[in-house]
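Everything below concerns the one structure shown next.
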Amino acid sequence: MALTEEQIKLRRGMVGGSDANIIMGGNEERIIRLWQEKRGEMESEDLSDVLQVQMGTFTEPFNCQWFERKKEKKVTAQGESRLCIDYPFMGCTLDGLTDDAQAVVEFKHVSAFAKSEEVLDKYMPQLHHNMIVTELDKAYLSVFFGNHKWECFEVTKDAIYASVLIKAVSDFWACVKSGTPPVAGMVKTP
């Protein structure tokens, strides 16, 4: 599901779920690049030739259908943009919500050789970020591993992890607003 021009513009003015993955990931080079993008000093990275990103975009509708079939839950709110009431610099473009509006749903397509626990760790910031934005306490991560395995992780919001994420994202956004580059080690993960 490709983003619209409006969604791309909105993303520049807030921290999104994918940005939370970068901030919590701790890679200083990627954090500085994100900071420059948010400040308008650098164009957003062109991901049109990144196979993994394009594969995920292409398989997302099928992943959604598979999730609905296997979990017997319908997905709504696909592609909707949301802003957080408590932290207005946090927002997200939803892959979806369950039709009972009780959980965020994220769809991913990863390498056939990826380890389940590493995939869950990698996307934990995005899941928590989107739960914070939507004020929900549950998320599903629906993942295709290559073309031979599907797994769905059910995640309950961890209050401690969420508070660490909010602090890291708040500190990052303060750097964006002030023009002060974020420093290495700014984020401490639990």
Side-chain angles (χ1 to χ4, degrees), residues 1-4 6-8 10-11 13-25 52-53 55-110 114-146 149-170 172-173 187 189-190:
M1 174 181 313
L3 297 176
T4 65
E6 183 178 317
Q7 289 170 324
I8 291 168
L10 179 64
R11 279 186 167 202
M14 66 173 187
V15 176
S18 297
D19 301 332
N21 286 337
I22 293 169
I23 294 166
M24 295 296 282
Q52 182 180 4
V53 172
M55 186 74 74
T57 299
F58 186 77
T59 61
E60 188 172 309
F62 176 58
N63 195 333
C64 179
Q65 291 172 4
W66 197 257
F67 172 86
E68 289 179 329
R69 179 178 181 170
K70 295 298 183 181
K71 297 303 279 183
E72 297 180 351
K73 295 180 181 295
K74 294 290 181 196
V75 176
T76 64
Q78 292 171 283
E80 287 185 14
S81 296
R82 301 281 174 96
L83 286 174
C84 184
I85 293 170
D86 296 327
Y87 307 98
F89 52 86
M90 292 175 72
C92 65
T93 301
L94 294 168
D95 283 359
L97 299 175
T98 54
D99 60 350
D100 60 4
Q102 296 299 305
V104 171
V105 185
E106 278 294 319
F107 302 112
K108 302 297 180 188
H109 189 160
V110 301
K115 292 181 172 57
S116 296
E117 55 279 351
E118 291 172 359
V119 171
L120 186 56
D121 285 347
K122 178 179 180 177
Y123 294 110
M124 192 61 71
Q126 185 172 11
L127 295 171
H128 272 76
H129 178 93
N130 292 355
M131 284 188 279
I132 292 163
V133 169
T134 59
E135 298 182 328
L136 296 173
D137 293 325
K138 186 167 37 171
Y140 291 99
L141 179 62
S142 177
V143 184
F144 287 144
F145 291 80
K149 179 175 135 183
W150 172 78
E151 256 186 89
C152 186
F153 305 91
E154 185 174 324
V155 176
T156 302
K157 189 188 312 177
D158 178 314
I160 295 171
Y161 189 94
S163 67
V164 170
L165 185 136
I166 289 167
K167 171 83 167 95
V169 169
S170 297
F172 174 82
W173 195 249
V187 177
T189 55

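The figures that follow rest on heavy atoms only: side chains count, while hydrogens, waters and symmetry mates do not. Starting from 1, each residue takes its place in the sequence as its number.
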- request: With rounding to the nearest 0.5 Å, note down the distance linking CD in E80 to SG in C92.
  value: 10.0 Å

Acceptor/donor pairs from residues 96-108 side chains to any protein atom, 3.5 angstrom cut, sequence neighbours excluded:
residue : atom : partner : partner atom : Å
T98     : OG1  : D100    : OD1          : 2.5
T98     : OG1  : Q102    : N            : 3.4
T98     : OG1  : A103    : N            : 3.2
D100    : OD1  : Q102    : N            : 3.0
Q102    : NE2  : D100    : O            : 3.3
E106    : OE1  : K108    : NZ           : 3.4
E106    : OE1  : Q126    : NE2          : 3.3
E106    : OE2  : N130    : ND2          : 3.0
K108    : NZ   : Q126    : OE1          : 3.1

- request: Could you grab the distance from atom OG1 of T57 to atom CD of Q52, nearest 0.5 Å is fine?
  value: 10.5 Å

Contact check, side chains of I23 and P125, non-hydrogen atoms, under 4.5 Å: no

task: First locate atom CG of L127, then atom CG of D158, and finally report the distance between them rounded to the nearest 0.5 Å.
output: 12.5 Å

Stepwise side chain to side chain contact (heavy atoms under 4.5 Å, CB included) test for V155 and L141: CA-CA 8 Å; V155 176; L141 179 62; 5.5 Å; no

- line: E151 meets the side chain to side chain donor-acceptor pair (under 3.5 Å) criterion, sequence neighbours left out, with S116, K149

Derivation of the side chain to side chain contact (heavy atoms under 4.5 Å, CB included) call for C152 and K70: CA-CA 9 Å; C152 186; K70 295 298 183 181; over 6 Å; no

field: Check: D19 side chain, G16 main-chain N or O, donor-acceptor pair, under 3.5 Å
entry: yes

- prompt: For the rings on Y123 and F153, is their centre-to-centre separation under 6.0 Å?
  reply: no

task: Could you tell me whether the side chain of H109 and the main chain of V143 form a donor-acceptor pair under 3.5 Å?
output: no

- prompt: Distance from H129 atom NE2 to T134 atom OG1, nearest 0.5 Å?
  reply: 9.5 Å

- prompt: Just wondering, do V169 and M24 contact through their side chains at under 4.5 Å, heavy atoms?
  reply: no

message: For the backbone of S142 and the side chain of N63, can you confirm whether one donor and one acceptor N or O come within less than 3.5 Å of each other?
response: yes

message: Please verify the inter-ring angle class for H128 with Y161; under 30° counts as parallel, over 60° as perpendicular, anything in between as tilted.
response: tilted

query: Do side-chain atoms of E68 reach the backbone of V75 as a donor and acceptor pair under 3.5 angstrom?
result: yes

message: Ring-plane angle category for F89 and Y87, please: parallel below 30°, perpendicular beyond 60°, tilted otherwise.
response: perpendicular

